Structure formats: C-alpha cells, structure tokens
**Q** 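Dropping the structure in here first, questions after.
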Amino acid sequence: MGRFIILVLALGALWLLLSGYFDKPLLLGFGAASVLFAALMARRAGIVDNDSVPTGLFPGIFGYWLWLTFEIGKSNIGVIRHALAVEPKLSPKLFYVPCQPKTSVGKATFANSITLTPGTVSVDLGEEGILVHALTEDFADVGAIKEMGDYVARIEGSEA
Amino acid sequence: MSMFAVATAGIIAAMTLALVRAFAGPSLYDRVLAGNSFGTKTVILIGLMGFLTGRPDFLDIALLYALINFAATIAILRFFSYRQSSKTRAKPMSEGEA
Amino acid sequence: MIDWDLIRDLLSWALFLTGGFSVVAGAIGLVRFPDFFTRLHAAGVTDTAGAELIILGMMIQAPNWIVVVKLAFIAAFLFLTSPVATHAIAHAAWMVGFKPMQGPDLRYEGDGK
C-alpha cells in the first residue's frame, strides 16, 4: 500500500509539473482522475513492485548519481580524445565483470551505469557476470567497474 | 550571433555525420545506432528551436520526441529479432551481412 | 555590484560550447571508428556529455521555472533511456552472432591475419 501511495504522489507531481496548471479546478480534477486511473490500472496488472517503484534505492541513489556524473565526465574526455586523434589507437576488449548487486533493480542500475560511462558498454548478462566491451585497455579497468558495482550493492537495499 | 545559434549549428553538423553513418551502414545495427543517435540530437534541436523562436512550448514536443525515439528504437530491434529468429541462426554473421 | 546576467550568459556560452563540441566529437567518432562495437562508445559520448551539457546551458537561460522543470525532465528521460537503448542495440547484435574486433591490431577472433 505504501508503494501505491508513492506511485500516486509521483504521477501526480509529474502531471502537475508537466501541465503547469495550478488554479483551474476542472483541469486539476481531470488530472487527479487520470492519475488515479493509471495507478489503479497498474495495481490491477500487479506491476506495482520493487521493479517499477524502486523505493529501496532511495535516498542513496542521489549520491550515487552525483558520483556517476563525475565518472562519466572523466571517461568522456578519454573517448573524445580517441575520436579526434589523428591516428586513433584503439584496442577493443571483451571481458566479464562480476555482478555484486543481487536485486533486479540493482543489476539494471549497475549494467546501465556501465553503458552510460563512455568507453564501456554492457553487452550481455550471464552466469559469470556482466559481459563488457571496452574501447581500449585503459577503459577495461575491472577494478574501477567492480567499485561501481560495490557502490550499487551498498545502496540497493533488499528486495521487498 | 546568439549562443543558441552556435549550439544549433553544432547539432546540425553532428546530425549530418550521424546520417552519413546511417547510410554507410554497413550492418543493420550500425544503422539503428545511428538512427537512435540522430533522434537524441533531434530532441536537443527541438529544444534549442524553442529558445531560438522564443516559444518554450517546444519543450513539450522535445519531451515527447525523447520518449518516442526510445520506444521506436526498441520496436525496430524487436521487429528485426523476430525476423532473425525465423531464419537459420546457426552460422555466426560477419559485419556487412544482415 | 555583480552583473548576474553577464555571469549567466558566460556560463551558458561555456556549456553550449563544450556540449556542442562533445556532440560533434561523438558524431565524428561514430563515423570514424572501425567496427560496430567501437561506434557504440562514440554514440555514448553524444548521449551523455553532449546532450546533458546543452540542456544545462538551456536551463540557465530559461525564462521561468516551468521551463527549467521541463528541461530537467528531458535530461532525466535521456539519462534513463539512452543506456537502455544502447544496451538493447549491443545485445541484439551480440545475440545474432556479431563478434567485436579485439586487441591493438583490430582483428576478429579466429581471423588468421
């Protein structure tokens, strides 16, 4: 039930901010009706769980995003240097990284973080961990990527 | 020259390069990647256009375009994965086929 | 007294220039890199650094806070959807048997060169 209320509040906030109507009762009524309808439909379909409303990630996710932003900035500079080099020295590499996060939300966050960081792309998720393709040897830093996984595993919480 | 015009020029140059990759291919996935990248730049372009013409309502369209672009990429990949699975999948393909 | 408009303009100029530079550099990489998997990385530069920096620059120039909120939504959607799309393309290519070039001499596995 708590998750359902959070979903209603989030959808309501989205509707209010996107429409920009705060003082027209008729339109506000329509908005409230559509928010409630969407939330009830989601509950009826049985998809209001930790995957669609990942409350377990909050509030740790904000610190993580801030940290991730700096990681992205650092590796962006590296990729841009290769893209503009007169003679790019690429040495692509394919390797497995162990996946520490246990919940599906944690795994998705970790794999997407790897993809979002330029220079590394997650290609497959298997038994051995996450299959990562890296642009050069420098980007194929298993230690740094594992550190990212540890961070996600710390903030993910439990599957509720 | 306003700063929006400079950014718009950069975006349009990058869009042209993405189109070059989309036409050159060589594989289907290169084209999908270039198309997706083109779509991301379109979102920014629509937003910049809103500022250039002094009509920030364009941002609603940009937001919608971002969602449609994402859904379209997934839909195209879905479509081709179905087509792929109906053919024989035994031999690994090299780049340029598909 | 500090001229806030001037500071805002200078900040936006800096963000637009670095963002536009990243977008163009990513597109150049998209054209230049040798195989499909390396091109994924170039496209990633455009999606993250380029797009988000330009959106941040537009936020600073926004005439009212509703515009800032909408730009924040666009930035958030791009931030959440672009890795999913990139991964979907990479995974689809991997599943049909695409093999990336490997090593400093850029050759395919099992290639006798």
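Just so it is clear, the structure is predicted and the values come from calculations on it, not from any experiment. Numbered from 1 within each chain, the chains take letters A, B, ... in sequence-line order.
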**Q** With a 4.5 angstrom heavy-atom cut-off, could you sort out which part of C/Phe73 is near chain B: side chain, backbone, both or neither?
**A**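 Both backbone and side chain.
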**Q** Contact part of C/Leu78 toward chain B, heavy-atom cut-off under 4.5 Å: side chain, backbone, both or neither?
**A**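 The answer is the side chain of C/Leu78.
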**Q** Side chain from CB out, backbone as N, CA, C, O: work out which of these in B/Ile74 comes under 4.5 Å of a heavy atom of chain C, or both, or neither.
**A**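 Side chain only.
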**Q** Tell me, side chain or backbone of C/Asp9 under 4.5 Å from chain B's heavy atoms, or both, or neither?
**A**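 Both backbone and side chain of C/Asp9 come within 4.5 Å of chain B.
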**Q** In this structure, are over 12 heavy atoms from other groups packed under 6.0 Å from B/Arg78 atom CZ?
**A**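 Incorrect, the count does not exceed 12.
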**Q** Among C/Gly57, C/Pro63, C/Ala51, who wins on heavy-atom pairs under 4.5 Å with chain B?
**A**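 When all of C/Gly57, C/Pro63, C/Ala51 are compared, C/Ala51 has the most.
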**Q** Once you round to the nearest 0.5 Å, how far does CE of C/Met58 lie from CG of B/Leu59?
**A**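 CG of B/Leu59 is found 7.0 Å from CE of C/Met58.
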**Q** Does a side-chain heavy-atom distance below 4.5 Å link C/Phe16 with B/Phe4?
**A**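 Result yes, sub-4.5 Å side-chain heavy-atom pair found.
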**Q** Relative to chain B, which of C/Ala90, C/Ala85, C/Gly20 shows the most heavy atom pairs under 4.5 Å?
**A**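 Most heavy-atom pairs within the cutoff with chain B belong to C/Ala85.
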**Q** With a 4.5 angstrom heavy-atom cut-off, could you sort out which part of B/Leu67 is near chain C: side chain, backbone, both or neither?
**A**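 The side chain, not the backbone.
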**Q** Which atoms of C/Ile89 come close to chain B, meaning under 4.5 Å heavy atom to heavy atom: side chain ones, backbone ones, both, or neither?
**A**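 For C/Ile89, heavy atoms of backbone and side chain both lie under 4.5 Å from chain B.
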**Q** So which part of C/Leu40 gets closer than 4.5 Å to some heavy atom of chain B, the side chain, the backbone, both or neither?
**A**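 It is both, since atoms from each part get that close.
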**Q** Of all of C/Thr81, C/Val84, C/Val24, which one pairs up most often with chain B through heavy atoms under 4.5 Å apart?
**A**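 The option with the most such pairs is C/Thr81.
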**Q** Between C/Ile54 and chain B, with a heavy-atom cut-off of 4.5 Å, which part of the residue counts as in contact: side chain, backbone, both or neither?
**A**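 For C/Ile54, side-chain heavy atoms alone lie under 4.5 Å from chain B.
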**Q** Do B/Tyr29 and C/Val96 have side chains that approach each other closer than 4.5 Å (heavy atoms only, starting at C-beta)?
**A**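 Result yes, sub-4.5 Å side-chain heavy-atom pair found.
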**Q** Measure the spacing between CG of B/Asp60 and NZ of C/Lys70 and express it to the nearest 0.5 Å.
**A**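 The NZ atom of C/Lys70 is 3.5 Å from CG of B/Asp60, to the nearest 0.5 Å.
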**Q** Can you tell me which of C/Ile28, C/Val31, C/Val23 forms the most heavy-atom pairs within a distance under 4.5 Å of chain B?
**A**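 Option with the greatest count: C/Val31.
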**Q** Is it the backbone or the side chain of B/Val32 that comes under 4.5 Å from a heavy atom of chain C, or both, or neither?
**A**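 Both parts, heavy atoms under 4.5 Å.
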**Q** Who among B/Thr73, B/Leu48, B/Asn36, B/Val43 has the most heavy-atom pairs with chain C under 4.5 Å?
**A**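 Counting heavy-atom pairs under 4.5 Å, the top option is B/Leu48.
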**Q** Please classify the contact between B/Leu33 and chain C as side chain, backbone, both or neither, with a heavy-atom cut-off of under 4.5 Å.
**A**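 Contact with chain C involves both backbone and side-chain atoms of B/Leu33.
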**Q** Contact between B/Leu17 and C/Leu30 at the side-chain level, heavy atoms closer than 4.5 Å - yes or no?
**A**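 Result no, sub-4.5 Å side-chain heavy-atom pair not found.
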**Q** Quick check for you: to the nearest 0.5 Å, what is the distance between C/Arg39 atom CZ and B/Ser27 atom OG?
**A**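 Nearest 0.5 Å value for the CZ-OG distance: 7.0 Å.
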**Q** Could you state the interatomic distance from CG (B/Leu28) to CZ (C/Phe36), rounded to the nearest 0.5 Å?
**A**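 So the CG of B/Leu28 and the CZ of C/Phe36 are separated by 9.0 Å.
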**Q** Is it the side chain or the backbone of C/Phe37 that comes within 4.5 Å of chain B heavy atoms, both, or neither?
**A**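 Answer is neither: C/Phe37 stays 4.5 Å or more from chain B.
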